[in-house]
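Reckoned from all heavy atoms, side chains included, excluding hydrogens, waters and symmetry mates.
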Amino acid sequence: MAGQYYYNPNFNEQQSEYMRRQIERDNIAKKQKSELKKISSWLGGAIILYLVLQVIVSFAMAKITTASGQTLYDIYQTSASFSYAVNILFISILSVAAPFGLVALINRKKYRTPIVPTKSLKFSEAVIWICFGMGVCVIANAATSYLVAFLKTVGITLTQGEVANPTSVLDCVLDIVGIAIVPAICEEFAMRCCSLGLLKNYGKAFGVVAVSVVFGLLHGNVIQFIFAFLVGLVLAYVTIKTDSIIPAMCIHALNNGMSAVSDTVNFAAGKEINITVALFAFWLIVGIVAAIYLGVKHQLTIPKDDGTCVLTTGEKISSFLFPGMIVPFLLLIIMTAQTVKIG
């Protein structure tokens, strides 16, 4: 009969099972949100320590005077060798690798995979991923340059510290080591090993984006944040895809190395030679070829997660940003304000 009610003896059991699963999910989610907040706070603390250590080193150099009457900070601004040596020791090693290495040490039991991913890759496979990454870096460089140019048209200029150009062979060697090699090793260890290894527990795609935010926050102002974030995306993505840190280190070194190569060529030629455009064009072309190849081979999708994280995207974002990333973002705004010239 129409409208007749039929008793379903399984209804209460089904409802009870649904409620049980929902309670279980909520308990797991609560625990995972708490863990992610703690990890975010540790990473945020490492960012703050990175910035504080730089301030301390700069202050110390400004207070220490040599026999000639110059401060160490004066020498830092005028001597290429000294500035590169300081950057290697006090920025890359002391301020980047050490704090994030400490975070990894404290949270070592939370890693589900080796902290340093070292899966063996075929040489040709590594080259393809490196070319792909460099192509993305060139695009990110161009996008950031256009943004800077646009801001200038509306009267906003971002200033940054200048480093002396190489004036000797030793300067050129330290330039390459201090700009390309050491930062690539230290920053990739800090970001794509120590940080990504923790964040990817909450989803590989989330880990790629979140660690790129951390990478961007290390770079001092909004424009550099945008560039570092974009580059960080491809570095983390390639690390996830290859399960090896080697391609990301190579991409990082080659991207930074374009500046060092330009400095070295200018020193060798004794005049200003703009080879950056040629380098950009080369990497853009090989990057496009690599992207097409990877696309044809269906290699561009992010691997599936293991399903252990039950958090929604919104829960992941809120747990990551609050409260761990609040102070680093505030510092980014303050530091940007100090480098902005209007008019």
Side-chain angles (χ1 to χ4, degrees), residues 47 92 96 126-153 156-158 160 179-181 183-188 190-192 195-196 199 204-242 245-263 274-295 299-302 328-329 332 335-336 339:
I47 296 171
S92 294
V96 177
V127 169
I128 289 169
W129 281 109
I130 290 168
C131 290
F132 169 79
M134 285 301 296
V136 176
C137 287
V138 168
I139 294 172
N141 230 313
T144 309
S145 297
Y146 281 123
L147 178 58
V148 171
F150 169 76
L151 290 176
K152 284 184 178 180
T153 63
I156 300 174
T157 303
L158 289 174
Q160 57 183 3
I179 290 179
I181 299 175
I185 296 172
C186 291
E187 291 178 18
E188 289 313 303
M191 295 293 104
R192 264 59 66 172
S195 303
L196 180 59
L199 293 169
K204 291 183 174 68
F206 170 77
V208 167
V209 176
V211 76
S212 301
V213 171
V214 175
F215 188 49
L217 288 169
L218 289 177
H219 284 75
N221 64 53
V222 170
I223 296 299
Q224 290 182 346
F225 170 87
I226 294 171
F227 174 68
F229 173 77
L230 295 175
V231 171
L233 287 175
V234 71
L235 293 172
Y237 170 75
V238 170
T239 302
I240 289 287
K241 288 294 296 183
T242 61
I245 195 59
I246 301 302
M249 282 185 175
C250 292
I251 295 166
H252 198 144
L254 288 168
N255 180 63
N256 288 11
M258 286 190 284
S259 171
V261 168
S262 178
D263 289 341
N274 188 0
I275 66 166
T276 304
V277 174
L279 291 173
F280 276 20
F282 169 77
W283 286 120
L284 181 60
I285 292 170
V286 298
I288 291 173
V289 172
I292 293 172
Y293 174 83
L294 291 170
Q299 295 291 312
L300 293 177
T301 56
I302 291 184
F329 268 108
L332 178 72
M335 294 171 70
T336 299
T339 61

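- Between I275 and V261, the shortest heavy-atom distance links the atoms CD1-CG1, 3.7 Å.
- Taking all atoms of both residues into account, the shortest heavy-atom contact from C131 to V286 is CB-O, 3.9 Å.
- Between E187 and F215 the shortest side-chain heavy-atom distance falls below 4.5 Å.
- We find the CE-CG distance between M191 and L199 to be 9.5 Å, quoted to the nearest 0.5 Å.
- At a threshold of 4.5 Å between non-hydrogen side-chain atoms, the residues V213 and F329 count as touching.
- Smallest separation of non-hydrogen atoms from A140 and T144: O-OG1, 2.8 Å.
- To the nearest 0.5 angstrom, L147 atom CG is 12.5 Å from F227 atom CZ.
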Please table the atom pairs, donor to acceptor, closer than 3.5 Å between any side-chain atom in residues 232-239 and protein atoms at least two apart or in another chain.
| unit_1 | atom_1 | unit_2 | atom_2 | d |
| --- | --- | --- | --- | --- |
| Y237 | OH | L300 | O | 2.4 |
| T239 | OG1 | L235 | O | 2.8 |

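- Ring planes of F225 and F229: parallel class, angle under 30° (limits at 30 and 60°).
- In this structure, C137 SG and L254 CG are separated by 9.0 Å, a value rounded to the nearest 0.5 Å.
- By the 4.5 Å heavy-atom criterion applied to side chains, L196 and I240 are counted as neighbours.
- Note that OG of S195 and CD1 of I47 are 8.0 Å apart. Values are rounded to the nearest 0.5 Å.
- Of the possible donor and acceptor atoms, one in the side chain of T153 sits under 3.5 Å from a partner among the backbone N and O of F150.
- For the residue pair A180 and A184, the shortest heavy atom distance occurs at O-CB, 3.1 Å.
- Contact check for Q299 versus I128: no side-chain heavy atoms found under the 4.5 Å cut-off.
- Between M335 and N221 the shortest side-chain heavy-atom distance does not fall below 4.5 Å.
- For the pair F132/I251, no side-chain contact is recorded, criterion being any heavy-atom separation below 4.5 Å from C-beta on.
- The side-chain hydrogen bond (donor to acceptor under 3.5 Å, both in side chains) check on E188 picks up R192, H252, with sequence neighbours excluded.
- Atom CD1 of residue I223 and atom CG of residue L151 lie 5.0 Å apart, to the nearest 0.5 angstrom.
- When all heavy atoms of K241 and T301 are compared, the pair lying nearest together is NZ-O, 2.5 Å.
- What you find for S92 and C186 is that their closest heavy atoms are O-CB, 3.3 Å.
- A heavy-atom distance below 4.5 Å is not found between the side chains of M258 and T276.
- Taking CG of L332 as the start and CG of L218 as the end, the distance is 10.5 Å to the nearest 0.5 Å.
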